[in-house]
Amino acid sequence: MAEIALKLPDGSLRTLPAGSTGADLAADIGPGLAKAAVIVEVDGEERDLSAPLDDGAEVSIVVADSPQGLHTIRHSTAHVMAQAIQALWPGTQLAIGPPIEHGFYYDVELPGGKTLTTEDLETIEAKMRDIVAADQPFERHELSIEEGLAKFADHIYKREIIERVAEGDLAGEDAGEVGDGIISYYANSDDFLDMCAGPHVPSTGRLGHFKLQKVAGAYWRGDVTRPMLQRVYGTAWATRKQLAQHLAMLVEAEKRDHRRLAAELDLVSWPEELGPGLAVWHPKGANVRRLMEDYSRERHERGGYEFVYSPHIAKSVLWETSGHLDFYADSMYPPMEMDGASYYPKPMNCPFHVMIFRAQQRSYRELPIRMFELGTVYRYELSGAVHGLMRSRGFTVDDAHIFCTREDVQAELASLLEFVLSVLRAFGFDQIQAKLSTRPSEKSVGDDDIWVAATAGLKAALETAELDYVVDEGGGAFYGPKIDVDVTDAIGRAWQLSTIQVDFNLPGRFGLEYVASDGARKQPVMIHRALMGSIERFFGVLIEHYAGAFPAWLAPIQARVLAVASDHEDYADKLVADLKAAGFRADQVAADDPLGKRIRNAKLEKLPYVLVVGDDDVANGTVGVNRRGGEVERDVPVAAFVEQLAAEVADHT
RNA sequence: GCCCGAGUAGCUCAGUCGGCAGAGCAAUUCACUCGUAAUGAAUAGGUCAGGGGUUCAAUUCCCCUCUCGGGCUCCA
């Protein structure tokens, strides 16, 4: 009997009878692997375990508990959900159902325009459990495009996908649905089939650790002019434990929601009278913000930046020259007519900084010029996009613009990235990732040389900083390449915060120039840099990262002094005064409520320290120190506490 | 902007199948003066988001608007 030789990931060779499948290979290696296997990768291509393997192929078994395995489980679970929905509402049209981070969704259109409710999710879940219990096989079938069009004639969305493939237009979102020139579908029972590129787990019994989460509207192909479909989201995992952990993380995320904590901790609010996306900062929130901004200013000053200010509105000519009115008018607040001119609230600070550069003739000796402004901008975000502090209509950008020579770009980018990382780390973010976006394939400005040099400069900066990064080919703006910096928060969520963008466009639009050493007029390169990005959003991320329990250096109140009884209030007063004199933020609550109650309130406010003073302390000049998340320490000399708090503030711990 | 859902006291929520609006916490007052996460009593607090309609009667049913939430789209 003929045999095939297979190369395994460890480099070893294994021979099996011709016609053997991935499942056979896994079983041959061991029963544990056979049980864990979900699909097989053959020469870098994912396939069903039931597919025959090719002689000489490099083969690796993909197990459930791997990124690819999870991907497959989520994809297959999406299919089971579609099957359940179709069983419950016959005539349902299926659109697309891809895996996503942590889960999957499926876009469907129910007969009669029915919309799904949260209650329906339970019904669908129950049906899915039946399908899982039935352990139906995922059977793959392949068709030509013509056969596919015939087979899916009644499936309006699937047919549209096939038609697009036939035209050679294989868009990213369809990639999960169809292969290259071949239409495949999976049938796992007599009455359900779904067009899909696969691969899938061998049978529905391999699934089960899932939960449906929410239902929402989604446009077909993301196009507002196309029908609104029902999108059902779910999460799926390899094990029960993973699912439980994920659900626990979601509960934790809800507890940390900055909108909830902003109200509970009296930080900011959004009075209806102001309009959507416009917040007012209460004293405690404003206190944290001031500390954030002061720290930022101090770092920028040390980093060689010059501080500038600009007005909130400017005449239309500025925005015409910058190009904003051509490209971004939809996101700008409408103009105010004054003295025959139109004044627009600013959506960005850069044109103003350009004006400052242009205010006098610049020499190469002055460059690089680094301008910094905490500039408040207004952008007309769509009403449905506004979201707490994370997406506001008015917000403040920690905006820096650097004007330098082409020769200086690389060195400037390297020190810039270093600066950004250092400040982010000071705010408690130590898991940082980046994305490098390169020249778009369509229209873009600037010659090749400068794109190549700037992109290489960004890349070198990332490598010098030893930062993990991915490359988004063609993802840059038309005016230059960029780096986006993400941080991972305390519960594993990524937030994009900083951005460093090289700009070959604005200097030309505004005719910027400097005099080079040879006397020639040259155009400077401009680098845009936002570090926290929006101060509002950064604050929101900090609230969620710290769950409202700010470290001592940022806490709006660092220590609350509580007198055991009224007799000790004079001593408490003095302690508060001494702490304030030493530069700390402290307050006191009178002994009108029992001590336990006052401690509880301080704990609910998530204050770093509660200081309790009674008879012993008055007699000995000590305090009782109740540290957030720590043990109670009695009889601590005041000087010792001050020293400890000062160290904590200095270290940002 | 689009789809779906929600809006009752400062906060968290109950309630009214159409008939005078309820609790806990918070607030205020009084008493209690206490050594590490809730002392007790009393008082006050609402055009039931806003506007219109149906009705003898609307917080409740219907329509519109506003705001919020989850998504879609967008995020220079």
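What you see below is based on every heavy atom in this structure, not just the backbone, and it leaves out hydrogens, waters and symmetry mates. Order of the sequence lines fixes the chain letters, A, B, ..., with proteins taken first and strands second; residue numbering starts at 1 for each chain. From a predicted model like this one, the values you see are computed outputs, not experimental measurements.
- Among the heavy atoms of the strands lying under 4.0 Å from A:Pro276 are primed sugar atoms or P, OP1, OP2 only; no base atom is included.
- Taking the C1' atoms as reference points, B:G35 lies 29 Å from B:U28, given to the whole Å.
- Between the P atoms of B:C68 and B:G40, the separation comes to 39 Å (whole Å).
- The residue among A:Asp567 and A:Gly624 whose nearest nucleotide of RNA chain B is located toward the 5' end is A:Asp567.
- Interface remark: the A:Asp615 side chain does not form any donor-acceptor pair with the B:G35 base, using a distance-only criterion of under 3.5 Å.
- Within the 6.0 Å centre-distance limit, the rings of A:Phe641 and A:Tyr609 are counted as a close aromatic pair.
- Look at the P atom in both B:G24 and B:C17: the space between them is 23 Å, to the nearest Å.
- In this structure, CG of A:Asp503 is placed 11 Å from C1' of B:A76, rounded to the nearest angstrom.
- Straight-line distance from the CD atom of A:Gln213 to the C1' atom of B:C4: 17 Å, rounded to whole Å.
- A side-chain donor from one of A:Gln588 and A:Asp573 sits under 3.5 Å from a side-chain acceptor of the other.
- For the C1' atom pair drawn from B:G15 and B:G51, the interatomic distance equals 25 Å after rounding to whole Å.
- Among the atoms of the strands shown, base atoms are found under 4.0 Å from some heavy atom of A:Lys603.
- B:A9 and B:A23 have their P atoms separated by 14 Å, given to the nearest Å.
- Note: CG (A:Asn349) to C1' (B:A76) measures 13 Å, nearest angstrom.
- In this structure, A:Met390 atom CE and B:G69 atom P are separated by 12 Å, rounded to whole Å.
- For the residue pair A:Trp220 / A:Glu109, no side-chain donor-acceptor distance below 3.5 Å is found, with atom types taken as modelled.
- Remark: the A:Tyr219 side chain and the B:G1 base include a donor-acceptor N/O pair separated by less than 3.5 Å.
- The aromatic ring centres of A:Phe327 and A:Phe478 sit less than 6.0 Å apart.
- Across B:C20 and B:C11, the matching P atoms stand 26 Å from one another, rounded to whole Å.
- The nearest whole Å value for the distance from the OH atom in A:Tyr328 to the C1' atom in B:A76 is 4 Å.
- If you find the closest nucleotide of RNA chain B to A:Val618 and to A:Gln230, the one lying nearer the 5' end belongs to A:Gln230.
- Under 3.5 Å, the side chain of A:Arg391 and the base of B:C74 form at least one donor-acceptor pair of N or O atoms.
- A salt bridge links A:Glu252 with A:Arg256; the closest basic N to acidic carboxylate O contact falls under 4.0 Å.
- B:C74 atom P lies 18 Å from atom NE2 of A:His387, rounded to whole Å.
- Using a 3.5 Å distance cut-off with no hydrogens or angles, the side chains of A:His528 and A:Thr499 do not pair a donor with an acceptor.
- Rounded to whole Å, the separation between the C1' atoms of B:G10 and B:A26 comes to 7 Å.
- Using the Watson-Crick or G-U wobble rule with both distances under 3.5 Å, B:G45 pairs with nothing in any strand shown.
- The same atom, P, is picked in B:C48 and in B:C3; the two are 29 Å apart, to the nearest Å.
- Note: CD (A:Glu273) to P (B:C68) measures 12 Å, nearest angstrom.
- Taking atom NE2 of residue A:His568 and atom P of nucleotide B:G35, one finds them 10 Å apart after rounding to whole Å.
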